[in-house]
Enquirer: 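Following this message is one structure expressed as structure tokens.
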Amino acid sequence: MSDKWVILCDFDGTITFDETFVAILSRFAPALSAELIPQMYDLTLTLKEGVLRIMESIESIHYPEMLEMISSAPIRKGFHEMLSVLSACHIPFLIVTGGVSEFVQAALKGTPEGVSCIYGMTVDHSGPYLKINSDLQSESELVSKVRLLDQFPGARSICIGDSVTDLQLALRCDVVIARGRLSTYLSDRNVAFFPFEDFFDVLRILDSLICGSSLEIS
Ligand SMILES: [Mg+2]
């Protein structure tokens, strides 16, 4: 079995304490969000169609306010402590958001040490309405996290997530660390996962899986 690991971690509701992307969509496109978000949660509308319709209904003039809103989002406990340990162990840790990569940068004040890369949608706000793009599109998702996983053939994969944007990735990864709606989707499908509430929990799980006792948890 490969001893190479890769960790793919969601952002909204996973690294952030709250479901920040949904909160932003609901604030700047309330009517469409109220109509389409429940359909995405119950898997009757694709993430691609739902997120695209909502995001591209928002006027570009609101983009700075969206960035400001995300920049004060509370981060789940233990995140930076976990990154220090992973960085010392040279384990790739990728953030892949079903939302906007620039929102992640705004919330984390750049790319913290220990984060290998940040992937997500990009936003063009030069026209009257937001235009969305993504290098990781699939038929049903704007950001197909599975497409990112495919770039690490042979590595043992760990998914950390909380909701519907993580479901396809979670079904493909060797290990799943889940909370929130993702736990329910996985339980409904009889897929095993490790539950977590903060990144101290994640660190303990990673310690038992990856480095044995070599991860130093303070
Ligand atoms: Mg999420």
Side-chain angles (χ1 to χ4, degrees), residues 1-16 20-21 40 43 46-52 55 79-80 82-108 110-124 131-179 182 185-186 189 191-194 196 199 202-203 205-207 209-211 215:
M1 193 176 284
S2 171
D3 60 355
K4 283 187 183 164
W5 290 86
V6 61
I7 303 172
L8 283 77
C9 183
D10 174 51
F11 178 68
D12 295 282
T14 298
I15 294 174
T16 56
T20 23
F21 188 53
M40 289 188 276
L43 309 175
T46 65
L47 287 165
K48 187 172 191 172
E49 183 181 347
V51 172
L52 203 59
M55 281 295 285
F79 181 63
H80 292 285
M82 179 201 63
L83 285 181
S84 315
V85 173
L86 291 179
S87 180
C89 289
H90 306 290
I91 296 167
F93 182 91
L94 288 71
I95 298 175
V96 55
T97 175
V100 177
S101 53
E102 200 176 1
F103 289 0
V104 180
Q105 302 270 358
L108 299 180
T111 304
E113 194 178 340
V115 173
S116 313
C117 229
I118 297 172
Y119 295 88
M121 300 185 290
T122 54
V123 176
D124 175 358
K131 289 289 290 178
I132 301 305
N133 213 333
S134 164
D135 294 334
L136 290 173
Q137 295 197 39
S138 70
E139 207 167 296
S140 60
E141 295 178 300
L142 281 167
V143 179
S144 167
K145 300 184 181 191
V146 168
R147 283 193 58 194
L148 182 59
L149 176 64
D150 287 341
Q151 296 177 19
F152 296 86
R156 299 181 74 193
S157 51
I158 298 175
C159 159
I160 308 172
D162 78 309
S163 193
V164 63
T165 65
D166 308 301
L167 178 57
Q168 297 309 317
L169 179 67
L171 296 175
R172 276 276 308 275
C173 279
D174 297 303
V175 174
V176 183
I177 303 174
R179 58 171 303 279
L182 181 62
Y185 292 128
L186 295 173
R189 288 161 177 76
V191 175
F193 64 91
F194 293 94
F196 80 102
F199 285 96
V202 173
L203 197 45
I205 297 161
L206 295 177
D207 179 48
L209 289 169
I210 300 181
C211 294
L215 286 182

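Any value given below was found using the heavy atoms of this structure, including those in side chains, with hydrogens, waters and symmetry copies removed. Numbering starts at 1 and runs along the sequence shown.
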Enquirer: Working to the nearest 0.5 Å, report the span between CE of Met55 and CD1 of Ile132.
Expert: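 Rounded to the nearest 0.5 Å, the CE-CD1 separation comes to 3.5 Å.
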
Enquirer: Who passes salt bridge (charged side-chain N to carboxylate O under 4.0 Å, His left out) against Asp166, sequence neighbours left out?
Expert: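 Salt bridge (charged side-chain N to carboxylate O under 4.0 Å, His left out) list for Asp166, sorted by chain: Lys145.
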
Enquirer: Is any side-chain heavy atom of Ile91 closer than 4.5 Å to a side-chain heavy atom of Ile7?
Expert: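 The answer is yes, as the side chains (C-beta and beyond) meet within the 4.5 Å cut-off.
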
Enquirer: Given Cys173 and Leu149, is the side-chain contact (heavy atoms from CB on, under 4.5 Å) satisfied, shown in steps?
Expert: CA-CA 8 Å; Cys173 279; Leu149 176 64; 4.2 Å; yes

Enquirer: So, taking the atom named SG in Cys159 and the one named CD in Gln168, what distance separates them when rounded to the nearest 0.5 Å?
Expert: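 CD of Gln168 is found 11.0 Å from SG of Cys159.
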
Enquirer: So Phe196 and Ile160, do their side chains get closer than 4.5 Å, heavy atoms only?
Expert: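 Yes, close enough: below the 4.5 Å cut-off.
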
Enquirer: May I ask you to test the Asp10-Ile15 pair for a side-chain heavy-atom distance under 4.5 Å?
Expert: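 Contact flag for Asp10/Ile15 side chains = no.
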
Enquirer: Keeping the roles fixed (side chain from Thr16, backbone from Gly13), state whether a donor-acceptor pair exists under 3.5 Å.
Expert: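 Indeed, once roles are kept as given, a pair shorter than 3.5 Å links the two residues.
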
Enquirer: Under the side chain to side chain contact (heavy atoms under 4.5 Å, CB included) test, which residues partner Ile205, sequence neighbours left out?
Expert: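 For Ile205, the residues satisfying side chain to side chain contact (heavy atoms under 4.5 Å, CB included) (neighbours in sequence not counted) are Ile177, Phe194, Leu209.
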
Enquirer: Using distance alone, with no hydrogens and no angle criterion, decide if Asp162 and Thr14 have a side-chain donor and acceptor under 3.5 Å apart.
Expert: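 Note: Asp162 and Thr14 side chains meet the donor-acceptor criterion.
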
Enquirer: With a 4.5 Å cut-off on side-chain heavy atoms, are Glu102 and Thr122 touching?
Expert: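 The answer is no; the side chains never approach within 4.5 Å.
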
Enquirer: Evaluate whether atom CG of Asp135 has more than 12 neighbouring non-hydrogen atoms of other residues, nucleotides or ligands under 6.0 angstrom away.
Expert: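 No, the 6.0 Å shell around CG holds no more than 12 heavy atoms from other groups.
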
Enquirer: With a 4.5 Å heavy-atom cut-off, do Asp12 and Thr97 have their side chains touching?
Expert: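 Yes, at least one pair of side-chain atoms sits under 4.5 Å.
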
Enquirer: Apply the test side-chain contact (heavy atoms from CB on, under 4.5 Å) to residues Glu141 and Val143: give CA-CA distance (whole Å), side-chain angles for both, the deciding distance (0.1 Å), then the verdict.
Expert: CA-CA 5 Å; Glu141 295 178 300; Val143 179; 5.9 Å; no

Enquirer: Hey, are the side chains of Val51 and Phe21 touching, using non-hydrogen atoms and a 4.5 Å cut-off?
Expert: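 Result yes, sub-4.5 Å side-chain heavy-atom pair found.
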
Enquirer: Evaluate Asn133 against Asp124 for side-chain contact (heavy atoms from CB on, under 4.5 Å), listing each step before the verdict.
Expert: CA-CA 8 Å; Asn133 213 333; Asp124 175 358; over 6 Å; no

Enquirer: For Ser157, which residues count as a side-chain hydrogen bond (donor to acceptor under 3.5 Å, both in side chains) partner, sequence neighbours excluded?
Expert: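 Listed in chain order: Asp174.
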
Enquirer: What closest approach, in Å, do Val164 and Met40 show between heavy atoms, and which atom pair accounts for it?
Expert: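 Nearest pair, atom of Val164 first, then Met40: CG2-O, 3.7 Å.
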
Enquirer: If you look at every heavy atom in Ser87 and Gly114, which pair is closest and at what distance?
Expert: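 Of all heavy-atom pairs spanning Ser87 and Gly114, the closest is CB-CA, 3.9 Å.
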
Enquirer: Enter the distance from Phe11:CZ to Phe103:CZ here, rounded to the nearest 0.5 Å.
Expert: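 The distance works out to 10.0 Å.
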
Enquirer: Taking the side chain as C-beta and beyond, is there a heavy-atom pair between Ser163 and Leu182 under 4.5 Å?
Expert: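 Contact flag for Ser163/Leu182 side chains = no.
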
Enquirer: Please enumerate all residues that pass ring pair (Phe, Tyr, Trp, His ring centres under 6.0 Å) together with Phe79, with sequence neighbours excluded.
Expert: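 So Phe79 forms a ring pair (Phe, Tyr, Trp, His ring centres under 6.0 Å) with Phe199.
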
Enquirer: Check the pair Val175 / Trp5 against side-chain contact (heavy atoms from CB on, under 4.5 Å), numbers first and verdict last.
Expert: CA-CA 10 Å; Val175 174; Trp5 290 86; 4.2 Å; yes

Enquirer: Go through the structure and list residues passing side chain to side chain contact (heavy atoms under 4.5 Å, CB included) with Arg147, not counting sequence neighbours.
Expert: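 Testing Arg147 for side chain to side chain contact (heavy atoms under 4.5 Å, CB included), a comparison that skips the adjacent residues, returns Leu136, Ser144.
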
Enquirer: Quick check for you: to the nearest 0.5 Å, what is the distance between Gln137 atom CD and Lys48 atom NZ?
Expert: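 Atom-to-atom, Gln137:CD and Lys48:NZ are 4.5 Å apart.
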
Enquirer: Report the distance from atom NE2 of His80 to atom CG of Leu108, rounding to the nearest 0.5 Å.
Expert: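 Interatomic distance, His80 NE2 to Leu108 CG, rounded to 0.5 Å: 6.0 Å.
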
Enquirer: Using the side chain to side chain contact (heavy atoms under 4.5 Å, CB included) criterion, which residues pair with Glu49? Sequence neighbours excluded.
Expert: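 Leu45, Thr46, Arg53.
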
Enquirer: Report, as yes or no, whether the 6.0 Å neighbourhood of atom CD on Glu113 holds more than 12 heavy atoms from other residues, nucleotides or ligands.
Expert: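 For Glu113, atom CD is not crowded (no more than 12 foreign heavy atoms under 6.0 Å).
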
Enquirer: Please say which of Leu206, Leu8, Val202, Val6 ends up in a side-chain contact (heavy atoms from CB on, under 4.5 Å) with Ile158.
Expert: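 Answer after filtering Leu206, Leu8, Val202, Val6: Leu206.
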
Enquirer: In Å and rounded to the nearest 0.5 Å, what is the CZ to CD1 distance from Phe93 to Ile118?
Expert: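 It is 10.0 Å, given to the nearest 0.5 Å.
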
